[in-house]
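What follows is one structure encoded as structure tokens, with my remarks underneath.
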2 protein chains.
Amino acid sequence: MGLAKTEIFNDQQNKIATYAKVFGHPARVSILQHLFELNSCVCGDLVNEIGLAQPTISQHLKELKLLGLIKGNVEGTSVCYCIDIENWTKMKEVMFQFLDQDITKNTCC
Amino acid sequence: MGLAKTEIFNDQQNKIATYAKVFGHPARVSILQHLFELNSCVCGDLVNEIGLAQPTISQHLKELKLLGLIKGNVEGTSVCYCIDIENWTKMKEVMFQFLDQDITKNTCC
DNA sequence: TTTATTGATTGCAATATTACGATTAATATT
DNA sequence: AATATTAATCGTAATATTGCAATCAATAAA
């Protein structure tokens with residue numbers, strides 16, 4: 001019914017899925033790439049560069065912030081968003097462990 | 001309106017998002033972990049172990065297969081699913097490049 | 001203080017996703 | 001041939017997601 005039965009999965013599986021889900025939209029991928037490149041960390045600049053409406057970008061930023069992957073610094077009327085290095089590193093460990101499973105065992109088909 | 005404006009993003013960004021999206025559900029994470037462990041590669045066994053209805057598991061398997069991350073071998077009335085090693089490796093390269101961006105530049109906030 | 005500027009929030013329409021009962025298709029078994 | 005087993009497909013209900021116009025809140029500039 002549109003919602004995942006998270007209760008039947010373990011914490012690790014749910015965490016992987018939650019991280020992956022936030023990367024599952026090209027706008028959020030694009031935002032994160034911009035933040036890594038430091039081309040534009042201000043919301044308004046991201047709106048101009050990406051080409052989605054301001055409320056839409058703001059919403060995507062909110063989701064990234066909610067997961068802790070980015071943080072926002074208010075500077076006057078604008079807000080500067082940046083990668084949260086510590087949380088990004090934690091996320092990377094979780095995702096790497098999942099993506100980098102031993103593939104050599106796989107001999108059945 | 002419920003659909004992503006993929007046309008305003010580049011191929012790499014859309015590819016990352018597409019891969020991530022398929023990992024964005026704990027059932028698919030769980031299925032992949034099972035296939036890596038080779039605990040159960042037959043659809044019916046996955047149904048028993050994961051605890052979702054057969055049509056639901058079948059649907060998730062279909063999505064994984066569509067992306068090429070798994071392949072299915074028919075064995076009598078049952079179907080044995082396995083990781084597609086070649087495609088999994090390709091996916092890993094794309095995702096690693098995205099997740100492993102140089103974080104040291106990040107000094108603005 | 002009045003008026004920009006910037007970004008968050010609200011509300012809504014369109015579409016996508018998740019889950020499963022019922023059914024169907026294909027192969028095995030009897 | 002008739003029946004059982006297995007997995008795919010169809011149809012549908014419930015919920016989530018995406019995108020944006022309109023509005024609001026907060027600060028800056030005049």
Side-chain angles (χ1 to χ4, degrees), chain A residues 1-9 13-14 17-31 34-35 40-67 70-82 109, chain B residues 1-9 13-14 17-31 34-35 40-67 70-82 109:
Chain A
M1 301 107 172
L3 83 171
K5 284 193 160 181
T6 52
E7 70 277 7
I8 68 171
F9 302 102
Q13 290 163 338
N14 284 315
T18 304
Y19 281 137
K21 204 172 184 180
V22 90
F23 299 136
H25 193 292
R28 292 189 289 265
V29 169
S30 177
I31 288 172
H34 273 291
L35 296 188
S40 43
C41 70
V42 175
C43 177
D45 294 342
L46 290 167
V47 171
N48 291 330
E49 291 207 34
I50 292 176
L52 288 170
Q54 180 267 320
T56 307
I57 296 291
S58 187
Q59 197 173 269
H60 286 306
L61 286 167
K62 190 180 172 184
E63 284 177 69
L64 290 167
K65 201 173 165 190
L66 203 72
L67 251 185
I70 65 172
K71 50 189 173 183
N73 269 39
V74 178
E75 292 179 0
T77 54
S78 39
V79 179
C80 173
Y81 284 99
C82 306
C109 327
Chain B
M1 301 109 171
L3 83 170
K5 284 191 158 182
T6 52
E7 70 278 6
I8 68 171
F9 302 102
Q13 290 162 339
N14 283 316
T18 304
Y19 281 137
K21 204 172 184 178
V22 92
F23 299 136
H25 193 291
R28 291 188 291 266
V29 170
S30 177
I31 287 172
H34 273 290
L35 296 188
S40 43
C41 69
V42 175
C43 178
D45 294 342
L46 290 167
V47 171
N48 290 330
E49 291 207 35
I50 293 176
L52 287 171
Q54 180 267 322
T56 308
I57 296 291
S58 188
Q59 198 175 268
H60 285 305
L61 286 167
K62 190 182 174 185
E63 284 177 68
L64 290 167
K65 201 173 166 189
L66 203 73
L67 250 185
I70 65 171
K71 50 189 173 182
N73 270 39
V74 178
E75 292 179 0
T77 55
S78 39
V79 179
C80 172
Y81 284 99
C82 305
C109 326

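Letters A, B, ... are given to chains in the order of the sequence lines, protein chains preceding strands, and every chain is numbered from 1.
When the nucleotides D:dA7, C:dA26, C:dT18 are ranked by their closest atom to the side chain of B:Thr77, C:dA26 comes out on top. Closest contact between the side chain of A:Val79 and the listed nucleotides D:dA7, C:dA8, D:dT27 involves C:dA8. When distances run from any side-chain atom of A:His25 to the nucleotides D:dT18, D:dA16, D:dA8, the shortest one goes to D:dT18. Of the listed nucleotides (D:dT9, D:dG19, C:dT10), C:dT10 has the atom at the smallest distance from the side chain of A:Pro55.
The distance from atom NZ of B:Lys21 to atom P of C:dT17 is 4 Å, rounded to the nearest whole Å. In this structure, the CD atom of A:Glu63 is 18 Å from the P atom of C:dG7, given to the nearest Å. Look at OH on B:Tyr81: it is 15 Å from P on D:dT6, rounded to the nearest Å. Going from atom CG of B:Asn48 over to atom P of D:dT5 covers 14 Å, rounded to whole Å. Distance A:Ile70 CD1 to C:dG7 P: 13 Å, rounded to the nearest Å. Atom-to-atom, NZ of A:Lys5 to C1' of D:dT15 comes out at 14 Å; the value is rounded to the nearest Å. If you take CD1 of B:Ile57 and C1' of C:dG21, they are 16 Å apart, rounded to a whole angstrom. Counting to the nearest Å, the P atom of D:dA29 and the CD atom of A:Glu75 are 13 Å from each other.
For the pair B:Asp45 and B:Ala4, nearest-nucleotide mapping onto DNA chain D gives the more 5' position to B:Asp45. Heavy-atom nearest nucleotides on DNA chain D were determined for A:His60 and for A:Gly76, and the one closer to the 5' end corresponds to A:His60.
Residue A:Lys62 places none of its side-chain N or O atoms closer than 4.0 Å to OP1 or OP2 of C:dG7. Between D:dA7 and B:Ser58, no contact under 4.0 Å exists linking OP1 or OP2 to a side-chain N or O.
The partner of C:dT30 is D:dA1, by the rule that a Watson-Crick or G-U pair needs both atom distances under 3.5 Å.
To the nearest 0.5 Å, atom OG of residue A:Ser30 and atom CD1 of residue B:Ile8 are 8.0 Å apart. The distance from the CG atom of B:Asp45 to the NE2 atom of B:His34 is 10.0 Å, given to the nearest 0.5 Å. A distance of 9.0 Å separates CZ in B:Arg28 from CD in B:Gln59, rounded to the nearest 0.5 Å. We find the CD1-SG distance between A:Ile31 and A:Cys41 to be 12.5 Å, quoted to the nearest 0.5 Å. Interatomic distance, NZ of A:Lys62 versus CD1 of A:Ile70, reported as 12.5 Å (0.5 Å rounding).
Between A:His25 and A:His60, the two ring planes are tilted [angle within 30° to 60°].
For C:dA8, the base has no donor-acceptor partner in the side chain of A:Gln59 [N/O atoms by modelled type, under 3.5 angstrom].
Within 4.0 Å of B:Val42, counting heavy atoms only, lie sugar-phosphate atoms of the nucleic acid but no base atom. Within the 4.0 angstrom heavy-atom criterion, base atoms lie near B:Thr56. When heavy atoms are screened at a 4.0 angstrom cut-off, B:Leu52 is found touching the sugar-phosphate backbone but no base atom.
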